[in-house]
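Just dropping this structure here.
Since the structure is predicted, the reported quantities are computational estimates derived from the model, not experimental observations. Letters A, B, ... are given to chains in the order of the sequence lines, protein chains preceding strands, and every chain is numbered from 1.
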2 protein chains.
Amino acid sequence: MGVGMAKATKKKTAAGVHDHRRCVNRALSSAERACETQGKRLTPLRRRVLELIWDGHAPVKAYDLLRTLAQEHAGAAPATIYRALDFLQDAGLVHRINSQNAYLGCNASDHPHVGHFLLCTSCSNVVEFENDGLAALIDEQARAQGFHVDRQTVEVMGLCRSCQ
Amino acid sequence: MGVGMAKATKKKTAAGVHDHRRCVNRALSSAERACETQGKRLTPLRRRVLELIWDGHAPVKAYDLLRTLAQEHAGAAPATIYRALDFLQDAGLVHRINSQNAYLGCNASDHPHVGHFLLCTSCSNVVEFENDGLAALIDEQARAQGFHVDRQTVEVMGLCRSCQ
DNA sequence: AATGCAATGTTATATTGTAACATTCATAAC
DNA sequence: GTTATGAATGTTACAATATAACATTGCATT
Ligand SMILES: [Zn+2]
Ligand SMILES: [Zn+2]
Ligand SMILES: [Zn+2]
Ligand SMILES: [Zn+2]
């Protein structure tokens, strides 16, 4: 199972409502541009894995991706998925949610940023947030202890607005 | 293997230098008090697992603990270790380092606090730090998005002072 | 065509973590 | 002291996550 069943089906294109198809397409286009810029190759396989990640629009587990991919791709094996995930993470297109062993598409792959997430323990929704002040404070606190920061992850567990 | 070989052997009681035995004993005494206070039972098994965690004085993997424990404890199985780890985490005596699937003794188990860590990618040393301002900022950022925070973890990867 | 390298295929295995049920142990009630 | 109770541990089996190692394919350069 995925990390959550949340919103496996999305509302269809009402006014102001999340248009899932459009969202996925935007993510894929953005990914293509990002890879172009970085001189990285978004092969059909990698692109398809990224699309599958966005399909659920929520953190997805590697073996769920594998099961889905295997239905359309004969040779799919764990290495297939993990290689694609490694590539996508290196390219900044996907984040790993460590506390869940799950992977989430990044909607800000156009600029460098750190991984900060709000994880709802009730509905399993996850949202990425950016707060430069927070990132800077973490950096500063680390430097004050003589530590040089390469990467930081923040995972906040709790209840989203609609689950409280 | 453990997360790192770092400091498997510690310097012995020089002036101002980390005295490992004393440090472990302090942690165990503190743990006993904490369990007393919380009305939780620090059984010999749980106490021994906590001691093994402190022995390395660095994050340790569950199956490394298991291998060590098995040498002195006949019936040791995965469940043995994971149950002890669950208990110790609930009691606030141990933190899980999500990015490493590893467990670290907490030296501040006497008061409630969140898990903030600096992880050196070179020597594998990990230090826990506390910064109320940081915890508060995370809380505030989450609340601003209508999110109710139960728990937060911060893992900062980089180079410690001596590894730069 | 020959070479080299990146990507993928393929098989096997390592690592991490749970489920389920039996047994033992400590405590309190009788 | 015996018995009832629930917590803790023993025991076996298995699920879930991830990597190693080597073969093959595809593609670009020479
Ligand atoms: Zn992102
Ligand atoms: Zn929710
Ligand atoms: Zn702590
Ligand atoms: Zn270091």
Checklist entry - Quick one: do B:V149 and A:L137 end up in the same hydrophobic cluster if we chain Ile, Leu, Val, Met, Phe, Trp and Tyr together by side-chain heavy atoms under 4.5 Å apart? => result yes
Checklist outcome for this item: When rounded to whole Å, the CG to C1' distance for the pair B:D86 and C:dA19 reads 14 Å
Checklist entry - In whole Å, what is the span from the CD1 atom of A:I81 to the C1' atom of C:dA7? => result 15 Å
Item to check | Nearest-angstrom distance from the residue atom CG of A:L85 to P of C:dA7 | outcome: 15 Å
Checklist entry - How about A:E36: does its CD atom have over 12 heavy atoms from other parts shown lying under 6.0 Å from it? => result no
All N/O contacts under 3.5 Å from nucleotides 8-12 of chain D to the protein, with atom names and distances to one decimal?
residue	atom	partner	partner atom	Å
D:dA8	OP1	B:R46	NH1	3.4
D:dA8	O5'	B:R46	NH2	3.4
D:dT9	OP1	B:T43	OG1	2.7
D:dG10	OP1	B:H73	NE2	2.9
D:dG10	OP2	B:H73	NE2	3.4
D:dG10	N7	B:R83	NH1	2.9
D:dG10	O6	B:R83	NH2	2.4

Item to check | Between P of D:dT17 and CD1 of A:I97, the distance in whole Å | outcome: 15 Å
Checklist entry - Is the aromatic ring of A:Y82 within stacking range of D:dT19, meaning centres under 5.5 angstrom and planes under 30 degrees? => result no
Checklist entry - Any idea how A:F129 and A:H116 line up, ring-wise: parallel (<30°), tilted (30 to 60°), or perpendicular (>60°)? => result tilted
Checklist entry - Roughly, in whole Å, what's the span from CG in A:L65 to P in D:dA16? => result 15 Å
Checklist entry - Does any non-hydrogen side-chain atom of B:E72 lie less than 4.5 Å from one of B:R48? => result yes
Checklist entry - Does the side-chain ring of A:Y63 lie flat on the base of D:dT17, meaning centres under 5.5 Å and planes less than 30 degrees apart? => result yes
Next on the checklist: Over 60° means perpendicular and under 30° means parallel, so tell me whether A:H57 and A:W54 are parallel, tilted or perpendicular.
Outcome noted: perpendicular
Checklist entry - Tell me: CG of A:D64 to P of D:dA16, nearest whole Å? => result 9 Å
Checklist entry - So does B:K61 get a side-chain nitrogen or oxygen closer than 4.0 Å to the phosphate oxygens (OP1/OP2) of C:dT15? => result no
Next on the checklist: Less than 4.5 Å apart, side chain to side chain, heavy atoms only: is that true for A:L134 and B:L134?
Outcome noted: yes
Item to check | Whole-Å distance separating the CG atom of A:L66 from the P atom of C:dT8 | outcome: 15 Å
